[in-house]
Amino acid sequence: MRETLVELKNVRKQFLASKKFMEEKKYVKAINGVSFEIYKGETLAIVGESGCGKSTTGRAINKLIDIDEGEVWFDHENITNYSSHMMKPVRSKMQMVFQDPYGSLNPRMKIRDIVSEPLLVHTNLSKKERYQKAKELLEIVGLNEGHLRRYAHEFSGGQRQRIGIARALTVNPKLIIADEPVSALDVSIQAQVINLFKELQREFHLTYLFISHDLSVVEHISDRIGVMYLGHLVEITAKEQLYKNPLHPYTQALLSAIPIADPAKKKKRIILKGDIPNPIDLPVGCPFNTRCMHVQDKCYKIVPQLQEAASGHKVACHLI
Amino acid sequence: DQIALDQSNEPVANSQSSEGNDKSMVIAVNAEIISLDPHNISDTLSRSATNTMYESLLEHNNSMELEECLAERYEISEDGLEYTFYIRQGIEFHDGTALNAEAVKYNFDRVTDEEKNLRRRRNFLQVESTEVIDEYVLKIYLKAPFAPMLDRVASLSIISPKALEEYGDRGIITNPVGTGPYVYKEWVTGDRLVVIKNQNYWRSGPQIETLTIKPILENGARIAMLQTGEADFIYPMPTEQVNIVANDANIEVIEGMSTIARFTFINTSKDFYSDVRVRQAMNYAIDKEAYTNVVRSGYSTPLSSHVPASIKYHVPQPLYEYNLEKAKQLMAEAGYPDGFKTHIWAPNDTENMRGMEFVSQQLAQIGIEAEVIPMEEGTLSNSIYSAQTPEESTVHMWYVSWSAFDFDGATNSLFHSRNIPPTAPNVSYYRNPVADELIDLGSTEVNSIKRAGIYSELQEIIWEDAPWLFLGSDVLLSAKRTTTEGISVGPGGAINSREASTSK
Amino acid sequence: MKVNTEIKKKQEDYKFESPMIELSRKFLKKKVATVSFFFILFLIILAIFQPTPYDISQTDYSNTLSKPSAEHWFGTDEYGRDIFSRIVYGTKLSLTVAIVGVTVGAVIGSILGLIAGYYRGIPEMIIMRTCDVLLAFPGLLLAIGIVAIIGPGLINVVIAIAIYGIPNFTRIIRSSTLAIKELLYVEASQSIGVSDLRLLFKHIFPGTVPALIVSYTMRLGTAIITAASLSFLGFGASPSNPDWGAMLSSGRNYIGIAPHMLFYPGLAIFLTVLGFNLLGDGLRDTLDPKLD
Amino acid sequence: MSIKLLEVKNLTTEFKTDKKSLTAVKNVSFYVNQGEVVGLVGESGSGKSVTSLSVLRLLPENGYISEGEVLLSQNNILNLDQKSIRNIRGSEIAMIFQDPMSSLNPVIKVGEQLMECTMLHLKHTKKEAKAHAIEMIKQVGISAPEDVFNRYPHQLSGGMSQRIMIAMALSCNPKVLIADEPTTALDVTIQAQVLDLITEMKEQSNIGVLLITHDLGVVAEMCDRVIVMYCGRIVESAEVSCLFENPLHPYTQGLIASVPKIGSGSDILPYIKGRVPDLSQMPIGCKFAPRCDGAIEKCFIEEPLLIQLDNQRQCRCHLVSERGERNA
Amino acid sequence: MRGYIVKRLLNMIPIMFVVSIVIFLFIHMIPGDPARLLAGHQATFEEVELLKEQMGLNNSYIVQYKDFMVGMLTGNWGNSLKTGLPVGDMVIPRMKPTLILAIFTIVWSVISGIAIGIISAINRGKWIDYVVMIGASSGISLPLFWLGLMLMQIFSVQLGWFPTTGIDGLKSYVLPSITLGAGITAMIARYTRSSMIEILKENYIRTSRAKGLSEFIVVNRHALRNSLIDVITIVGLQFGFLLAGSVLVETVFAIPGLGRLLIDSILFRDYTVVQTVLLIFTFQFLIINLIVDVLYGVFNPKIKYE
Ligand SMILES: Nc1ncnc2c1ncn2[C@@H]1O[C@H](COP(=O)(O)OP(=O)(O)OP(=O)(O)O)[C@@H](O)[C@H]1O
Ligand SMILES: Nc1ncnc2c1ncn2[C@@H]1O[C@H](COP(=O)(O)OP(=O)(O)OP(=O)(O)O)[C@@H](O)[C@H]1O
Ligand SMILES: [Mg+2]
Ligand SMILES: [Mg+2]
């Protein structure tokens with residue numbers, strides 16, 4: 001067995017839906033009992049539709065939110081109840097890269113300050129040393145010294161994402177949580193950034209949690225893939241396994257729905273009926289029961305648990 | 001909703017006069033009526049208001065002379081301790097109650113009641129008791145001879161005892177019942193007092209049906225009302241704006257003498273002011289003519305004694321002529337050739353602030369740097385009366401005006417050493433045993449010739465001691481539409497509307 | 001491919017403008033706001049250098065209430081003092097009262113707003129409910145109360161204006177703190193491990209600055225009017241300090257015979273407040289990226 | 001079959017900015033036939049949306065059409081007055097926008113928003129319009145249409161709002177539907193539903209669709225013909241299968257190559273280096289030259305023309321035209 | 001909805017309670033002695049002391065506060081220290097003019113403010129925008145009392161169109177209302193303008209244009225409703241301004257309203273009246289906030305009061 005870097009045990013998180021005008025409080029059930037591990041050196045991808053709890057999961061690991069239930073382990077430490085002060089050293093070991101390269105950089109700071117900010121927080125380096133390090137990192141991600149004094153808005157999306165990556169690398173983290181780092185980018189730039197991710201992983205022995213909703217992107221970068229639906233992890237397995245033999249009906253639909261940029265390969269798509277239910281009132285039983293084409297009575301009663309269907313292939317479905 | 005009278009007692013005549021023949025009149029004044037209980041008011045405006053409905057045994061005419069009113073005549077005993085009043089017969093209160101000695105006694109008893117602690121009680125502290133001699137004859141016994149007694153009697157409005165019984169001390173405020181030329185209609189606090197003609201008035205009364213008194217605090221608005229005819233009479237007419245209405249053929253400005261003195265207290269208990277030379281120097285440094293012109297737009301006469309000329313027993317003193325040389329010399333003699341720093345207080349309305357600033361400018365000429373500090377009335381009186389001893393007092397100078405209708409009222413509380421704060425407003429902390437004695441003598445001396453002598457001496461002493469900056473005495477200004485007749489303002493600032501008539 | 005690289009290089013070297021320059025350019029395009037800006041600047045220069053032709057307290061009782069003339073541009077007042085000089089001098093007082101008062105209010109209000117918006121929970125509740133209570137008192141009355149409590153005087157007017165401004169700034173800063181807190185770059189810094197204090201002052205606060213600047217300039221106008229209103233009701237500073245409100249307030253008695261006493265201070269207030277308001281408007285348009 | 005519903009000729013659209021006038025779309029010509037889906041692809045900022053907005057004359061305030069014609073059933077709608085163009089919008093050409101959530105008025109019930117269109121163009125009474133609206137809601141595959149009719153936009157999910165937008169666009173039986181990135185904001189499974197619906201509708205009413213997207217996968221699945229734009233210019237247009245099989249323009253080639261393909265197995269993704277030039281910093285010559293590996297000197301000097309290769313195929317590239325000329 | 005309102009009303013109780021304490025402390029902090037003010041300078045020390053005793057001013061603050069609260073709750077608001085009249089009799093007749101003035105003012109200024117805002121938003125950048133907005137900004141830039149005096153000079157004294165002062169008929173509210181509303185109009189116009197400008201850029205506006213709707217409908221049906229949501233909150237805040245402004249306007253135009261009463265009572269340290277009026281003001285403010293929130297919900301379907 002490989003060494004585990006991160007482990008989530010039955011994590012739950014709900015948010016207050018709307019507060020101001022409520023008589024009875026309503027909660028968005030963002031993640032409902034999610035468990036998985038990330039092994040050292042691998043790339044675990046989490047896919048799923050918008051609002052299914054991918055980002056919340058990422059945030060839970062970094063403790064940007066306090067989870068309601070469950071445990072989070074990082075590098076053999078149970079960090080579930082760490083205060084933000086205690087998280088400080090932990091955070092130097094895990095960094096985040098965000099979806100929106102426009103929003104994740106402070107528009108009022110120069111690039112060198114943005115990139116060197118983690119050093120300011122975690123080390124005692126002098127300003128000069130910090131700027132020196134920032135310069136080196138920018139070169140690694142393919143930007144040059146001339147960019148150091150500029151502001152974020154002067155860069156293109158791809159460049160900004162590189163800056164975000166550079167910032168994440170400054171403190172030599174073990175884990176990078178990348179929350180949809182390429183979905184805002186054009187395909188041509190997306191390819192560059194994906195390549196950069198792969199290169200860096202090789203060079204710095206990084207572990208990635210790669211969040212995305214694009215299965216074709218995920219296919220390129222990940223070792224294992226977890227599929228989420230309405231705050232539940234419905235399937236998790238090695239990449240090849242998932243594409244070859246998807247077990248969960250949702251995974252199957254998802255895979256079939258990816259438009260393939262090749263008119264020659266017209267294939268049969270599974271068109272699901274209905275919409276994703278509101279995470280405020282989850283369906284009873286299996287969360288997918290409203291759209292599933294194989295739905296059975298049992299699905300309306302019992303929430304299926306994630307079970308090992310084959311070696312390293314876990315799925316949460318009554319049919320399996 | 002505030003109509004007070006029984007419908008039956010309301011005069012039947014068409015009080016709601018018809019459109020064309022509008023026999024109503026509006027008087028705009030500069031303050032709000034505080035209360036309509038004539039025994040429990042201390043401000044002039046409320047007195048003007050209550051005077052429309054109430055009368056006293058005696059009254060002051062516009063030249064400050066006493067005349068009989070509800071009393072036909074009166075007698076004073078030799079020793080000045082017994083006053084006998086013969087009450088006019090056949091007069092009824094608005095509610096039909098007959099006016100008699102019993103009713104008047106009821107009023108005296110009410111106002112002298114210590115429990116009740118009404119504002120007017122202070123005028124009758126010398127009253128020992130009252131006695132009904134006969135249906136229309138009342139005797140008042142004093143504890144000691146008290147010279148201004150008749151003036152004080154003139155200040156006591158007579159209220160219907162029946163109404164007092166019926167409404168009580170609070171109820172009487174909004175249910176005034178007197179014998180006066182007008183009958184109460186309504187009082188909307190802050191907005192208006194409306195009274196209507198008393199059809200059963202015992203002497204010649206008003207020629208109008210309704211009279212409204214409105215508080216219009218903003219000077220500009222008051223004049224505007226007169227200009228547009230919304231008001232028929234305004235008091236006071238702001239001195240600064242006389243020129244505007246001077247050319248208006250519909251408006252007439254009325255000047256009158258006043259009992260208002262404008263002066264500045266100098267706190268003689270403070271180091272530099274304890275020297276009489278300093279105080280005199282300050283008086284010499286004031287240009288009285290400029291004061292009249294700048295502060296009062298010309299409507300003032302120099303104050304030639306500590307009481308205005310309109311008050312009986314006033315004797316003009318030689319004015320401190322405007323002489324900077326002399327002032328500076330006196331300052332140098334007193335040891336302040338370069339002056340000193342001080343401050344001056346005044347109420348925070350524009351007119352008082354203007355006066356205070358003027359004083360400050362004048363004193364600057366002899367090196368006295370007086371910072372001007374406007375204070376609203378509450379803070380001001382608190383600052384003055386919270387000092388329990390002269391040492392604690394923080395007042396240096398207080399620019400103020402004072403109005404009293406007799407000599408004692410304009411002297412006693414301002415100069416007698418027993419009346420320094422917190423007891424009473426002798427804010428100069430003036431202590432002169434000779435003056436004290438003269439004040440006490442004067443107030444008990446019934447013989448007016450002797451009294452004149454005492455007061456003449458007193459005035460000289462005070463003038464010489466200069467515990468004040470003697471500035472001026474107001475020329476009272478009111479203004480009316482030319483259609484308005486019969487309304488006048490007495491020297492004390494009370495409006496007399498008994499004979500109001502209009503040719504509108 | 002020599003040409004290729006050259007052109008590429010050119011593109012890379014494209015000079016980006018710093019945000020300040022870009023904003024100023026954007027601002028200067030707004031003519032009304034620019035004029036207001038220079039007008040305010042002009043007032044500040046007047047206030048500093050005080051080019052008064054006459055001594056402001058020099059009286060001339062023989063020449064009171066005189067109409068504007070070559071000698072006295074704005075005429076003289078009831079003591080024969082030169083109104084022009086007093087207005088120029090008053091610039092200093094009125095601007096100082098407004099600027100100091102509003103600045104103090106803004107500083108305190110901003111800190112409270114940041115705390116309330118960032119920490120939520122009990123601190124927020126206490127701060128915001130206090131603001132509600134303060135806001136429930138009509139502002140002018142609050143100012144009157146304060147002046148009544150601490151007595152009249154320029155400094156006390158300043159204090160009143162400051163206190164009067166606090167709840168407004170608290171509200172504005174709190175709501176923009178709440179919004180900025182949700183922005184991704186704040187979360188990004190948080191994920192790095194940045195301390196609360198740094199997050200608050202380095203990342204969140206600068207984001208609230210545009211809102212702050214805009215309401216700051218607008219409030220300067222309000223403050224001048226409040227000070228004038230206090231004078232009108234007799235709660236102003238001492239009359240020998242010629243702030244515009246006091247001049248206006250004493251001048252109103254001469255409305256019919258010497259209208260210039262009312263007109264010029266009124267004009268000064270009007271133009272200044274208008275200037276601040278238009279400047280604020282312009283700044284808002286400039287600083288708000290949504291309005292382009 | 002091949003009736004040209006919409007034809008755009010030489011369209012040039014510019015924006016006034018504080019510095020100078022920027023050309024966002026230059027000399028664009030294309031057409032849409034009845035029953036046909038034409039795809040318009042290109043990277044962000046290549047002028048896709050501006051082109052579509054120009055067609056409906058819905059450009060933002062500072063934008064204006066400096067040249068060209070937009071022919072709708074042979075009439076140049078650029079010459080119409082405001083009133084006539086309003087009559088065409090919604091009834092002849094309808095449009096669906098990228099973000100369905102923000103494209104519906106948040107304070108008006110969706111039903112009412114649907115009714116507006118038919119009441120205006122088909123002169124329906126309130127009652128008719130309501131019936132029609134409910135019918136349309138049903139047609140786009142929403143169960144319980146009466147319920148949805150009375151909802152506000154925020155009570156709908158993204159997929160539902162986009163379906164409402166489609167219902168709205170189709171409610172007056174337009175001849176042409178312009179869909180500007182209709183599924184970008186949606187998830188793949190929902191995207192599949194919506195695209196399916198568009199295809200279905202097209203087949204039902206035989207309308208012409210201009211489908212704007214940057215997702216080559218969507219193009220491959222939906223379109224008959226494709227137009228590729230770069231920097232406001234058409235760089236290539238072809239039938240869909242031709243384009244994917246044999247892309248001619250280096251930009252098209254790069255674009256297709258950089259799409260990650262499932263099961264391709266390759267480790268490093270090919271990509272187009274550099275970035276789309278800023279409108280105010282356009283290179284002279286071929287706009288793609290700075291990013292093109294095969295660029296020759298001519299490419300930096302002279303802008304290539306759009307060459308008609310065969311009846312369905314156009315390309316704007318010196319390399320291709322030279323090759324073509326050589327071949328010819 | 002009803003539940004929500006009831007809940008909000010219940011929430012007011014603790015707020016009012018806290019406010020009552022604040023008010024009590026506030027007015028007792030102001031130096032000054034109502035007994036001395038009522039008695040006047042001519043009064044003697046003994047008289048003032050006796051008066052203090054009668055007014056209950058010698059009691060401890062706790063007792064005074066208790067009396068105040070008990071009185072408030074039992075509906076016996078006590079007597080004015082100044083006039084001796086029951087506080088209710090003084091306060092209630094004063095509410096009407098203030099309310100009429102407030103409502104009159106808010107109605108016209110909201111309508112004109114919104115209209116001006118729209119005109120200027122749809123003509124953004126053109127001369128009409130500048131003229132209208134500078135004109136509107138002037139409204140906030142004039143000291144109220146100054147504007148009031150000027151209007152009175154022109155329209156009452158010179159032209160004789162309106163009464164100078166008083167509250168005789170609606171006509172007499174015209175000038176005060178213009179004076180008071182000028183600033184509010186300007187504020188609302190500015191907010192409407194900027195909100196409109198933003199909204200006119202929204203996607204759904206483009207959608208409605210794409211439907212072929214006329215510009216008039218686009219603005220008045222699609223844009224206005226949305227911008228009203230923003231504007232309502234501003235209108236709520238303006239009520240505070242209105243109450244403060246009414247003090248000045250009531251002074252200039254001699255309107256016997258609450259604002260003027262409050263000032264006079266503060267000057268006179270008429271504690272009973274000040275306390276009552278301030279509580280009324282606070283209550284009004286809370287009620288108006290509630291109304292604004294409810295209206296906000298009515299206009300904004302995203303908000304549901306369940
Ligand atoms: N701070 C928050 N307050 C309230 N609800 C929240 C909050 N953060 C997330 N949610 C809700 O929790 C659910 C899961 O959100 P999350 O951001 O994890 O989804 P996601 O899978 O990352 O979606 P996307 O692909 O759109 O980023 C969503 O319904 C979202 O609306
Ligand atoms: N109002 C405007 N003012 C100035 N330039 C504009 C304006 N609107 C669009 N542009 C410019 O026109 C060009 C084309 O924009 P357009 O929106 O058509 O791109 P697009 O291909 O639709 O991109 P996306 O995929 O991001 O929607 C862009 O460079 C853009 O910056
Ligand atoms: Mg997410
Ligand atoms: Mg677009």
- Message: Would the distance check show the side chain of D:Arg89 and the main-chain N or O of D:Arg57 forming a donor-acceptor pair, the cut-off being under 3.5 Å?
- Response: yes
- What residues form a side-chain hydrogen bond (donor to acceptor under 3.5 Å, both in side chains) with E:Ser20, not counting sequence neighbours? E:Tyr65
- Item | Donor-acceptor contact below 3.5 Å, side chain D:Asn75 vs main chain D:Ile77 | no
- Task: Side chain from CB out, backbone as N, CA, C, O: work out which of these in D:Leu53 comes under 4.5 Å of a heavy atom of chain E, or both, or neither.
- Result: side chain
- Can you list every pair that meets salt bridge (Lys or Arg N to Asp or Glu O under 4.0 Å) and has a residue in residues 157-174 of chain D, with sequence neighbours left out? A:Asp275-D:Arg163
- Query: Between D:Gly90, D:Ala94, D:Ser103, D:Ser91, which residue shows the highest count of heavy-atom pairs closer than 4.5 Å to chain E?
  - Reply: D:Ser103
- Query: Looking at CZ of E:Arg94 and CD1 of E:Ile167, how far apart are the two atoms once the value is rounded to the nearest 0.5 Å?
  - Reply: 9.5 Å
- Do you know which of D:His121, D:Gln82, D:Met95, D:Lys109 has the most heavy-atom pairs with chain E at a distance under 4.5 angstrom? D:His121
- Query: With a cut-off of 6.0 Å (strictly less than), are more than 12 heavy atoms of other residues, nucleotides or ligands near CZ of D:Phe149?
  - Reply: yes
- Side chain, backbone, both or neither: which part of D:Met165 has an atom under 4.5 Å from a heavy atom of chain E? side chain
- Query: Donor-acceptor pair, E:Asn226 side chain versus E:His222 backbone, under 3.5 Å?
  - Reply: yes
- For chain D, which residues from residues 204-215 of chain E lie under 4.5 Å away (heavy-atom distances)? E:Tyr204, E:Arg206, E:Thr207, E:Arg209, E:Ala210, E:Lys211, E:Gly212, E:Leu213, E:Ser214, E:Glu215
- Note on the structure: Taking a cut-off of under 4.5 angstrom between non-hydrogen atoms, the residues of residues 166-181 of chain D near chain E are D:Met168
- Task: Go through the atoms of D:Leu120 and report whether side chain, backbone, both or neither lie under 4.5 Å from a heavy atom of chain E.
- Result: side chain
- Item | Stepwise salt bridge (Lys or Arg N to Asp or Glu O under 4.0 Å) test for E:Arg221 and D:Glu112 | CA-CA 11 Å; E:Arg221 189 173 147 81; D:Glu112 279 175 55; 3.5 Å; yes
- Taking every heavy-atom pair that is under 4.5 Å apart, which of D:Pro153, D:Pro106, D:Cys117, D:Pro60 has the most such pairs with chain E? D:Pro106
- Message: Does D:Lys83 have more than 12 heavy atoms from other residues, nucleotides or ligands lying within 6.0 Å of its NZ?
- Response: no
- Message: Going by side chain to side chain contact (heavy atoms under 4.5 Å, CB included), E:Leu180 matches just one of E:Leu248, E:Leu175, E:Leu144. Which one?
- Response: E:Leu144
- Query: So, does D:Gln113 use its side chain to make a donor-acceptor pair with the main chain of D:Asn105 at under 3.5 Å?
  - Reply: yes
- Task: Please check if atom CD in D:Glu128 has more than 12 non-hydrogen atoms from other residues, nucleotides or ligands closer than 6.0 Å.
- Result: yes
